[in-house]
Amino acid sequence: MAEDTNIVLKATEPTLGKIEVAPQVLEIVAGIAASDVDGVSRMRGSLANSVNELFGKKERGKGVKLSVSGDTLNVDVYAYLNYGVSVPKVALAIQEQVKQQLLFMTDLHVNEVNVHIQGVIPEKTTQAVDPDNLFDDNDESENGEDK
């Protein structure tokens, strides 16, 4: 979870006041950017996140930890990948996507984007079962004689 202090964005042009962004907003931006990368199955969440998702509330900032020091950001991303993808390629794509989105949206310098692969999720395979013929072996014909 991010710190409780807001991050003040510095403007290059004259403004009417200061702009502050809550760190949770940056976690959400980084979480969405990371989960949009091809090969990412899902982000790591806690038990509370899982319970909230059961009730329909999607937690977008899960799997992201943000630390701020001055004008630089350090981001830790915790993700599960799809089985069969290249881990280094997906991890590099996550780093680039998160860095690019945070720079584009906030103009803050991202010092580090550390990617932690928590696991690999295999594809779900469905077995085709004929409901009309549950106990049929392929070794026997329909009238009970061997083929």
Side-chain angles (χ1 to χ4, degrees), residues 1-140:
M1 189 73 164
E3 301 161 359
D4 291 333
T5 60
N6 288 340
I7 300 165
V8 178
L9 300 179
K10 294 182 172 56
T12 56
E13 301 172 3
T15 60
L16 298 175
K18 67 180 180 177
I19 301 169
E20 292 184 6
V21 178
Q24 292 84 0
V25 172
L26 300 179
E27 287 178 348
I28 291 170
V29 169
I32 293 171
S35 62
D36 283 347
V37 172
D38 287 337
V40 175
S41 176
R42 61 185 170 95
M43 303 297 285
R44 181 189 78 178
S46 64
L47 179 62
N49 295 130
S50 299
V51 171
N52 284 340
E53 285 186 8
L54 285 175
F55 292 113
K57 181 182 178 191
K58 185 142 177 137
E59 185 70 38
R60 293 294 202 162
K62 72 178 184 178
V64 178
K65 183 181 177 201
L66 182 76
S67 61
V68 182
S69 59
D71 288 343
T72 61
L73 300 174
N74 293 329
V75 182
D76 289 300
V77 177
Y78 300 88
Y80 290 89
L81 301 184
N82 293 325
Y83 178 78
V85 299
S86 171
V87 174
K89 286 182 182 178
V90 174
L92 287 171
I94 290 171
Q95 287 177 324
E96 192 59 38
Q97 184 77 3
V98 168
K99 178 182 174 184
Q100 182 182 24
Q101 287 300 316
L102 287 173
L103 181 65
F104 174 72
M105 294 184 76
T106 63
D107 224 14
L108 291 171
H109 176 68
V110 178
N111 187 37
E112 290 181 341
V113 178
N114 300 311
V115 178
H116 306 273
I117 306 303
Q118 298 294 299
V120 176
I121 307 295
E123 290 181 14
K124 289 186 178 182
T125 57
T126 57
Q127 247 181 336
V129 176
D130 184 11
D132 296 328
N133 204 1
L134 293 174
F135 301 106
D136 183 31
D137 284 338
N138 292 333
D139 296 338
E140 298 179 10

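All heavy atoms count here, side chains included; hydrogens, waters and symmetry mates do not.
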For Ala91 and Val115, work out which heavy atoms get closest and say how close. O-CG2, 3.7 Å

To the nearest 0.5 Å, tell me how far Met105 CE sits from Gln100 CD. 12.0 Å

Heavy-atom nearest pair, Ala34 first then Met43, reads CB-CE, 3.8 Å

Nearest heavy-atom pair of Glu27 and Lys65: which atoms, and what distance? OE2-CA, 4.3 Å

Side-chain donor or acceptor of Glu20 paired with backbone N/O of Asn6 under 3.5 Å: no

So, do Val75 and Asn114 sit near enough that their side-chain heavy atoms are less than 4.5 Å apart? no

With rounding to the nearest 0.5 Å, note down the distance linking CD1 in Ile94 to CG in Asp38. 11.0 Å

Could you tell me whether the side chain of Val120 reaches within less than 4.5 Å of the side chain of Asn82, counting heavy atoms only? no

Test item: Val77 and Val113 side chains (from C-beta on) under 4.5 Å apart, heavy atoms: yes

Minimum heavy-atom distance between Ser41 and Ile121, given as atom pair plus value: OG-CG1, 3.6 Å

Nearest 0.5 Å, please: how far is CG in Leu66 from CG in Leu73? 5.5 Å

Criterion side chain to side chain contact (heavy atoms under 4.5 Å, CB included) against Gln101, the qualifying member of Leu26, Val29, Thr106: Val29

When rounded to the nearest 0.5 angstrom, what is the spacing between OH in Tyr80 and CD1 in Ile117? 11.0 Å

Are the side chains of Asp76 and Val64 in touch, meaning some heavy atoms are under 4.5 Å apart? no

Could you walk me through whether Leu81 and Val40 pass side chain to side chain contact (heavy atoms under 4.5 Å, CB included), step by step? CA-CA 4 Å; Leu81 301 184; Val40 175; 4.1 Å; yes

Any side-chain heavy atom of Leu108 sitting closer than 4.5 Å to one from Leu102? no

Rounding to 0.5 Å, atoms CD (Gln118) and OH (Tyr78) come to a distance of 7.0 Å

So how far is it from Gln97 CD to Ser35 OG, rounded to the nearest 0.5 Å? 9.5 Å

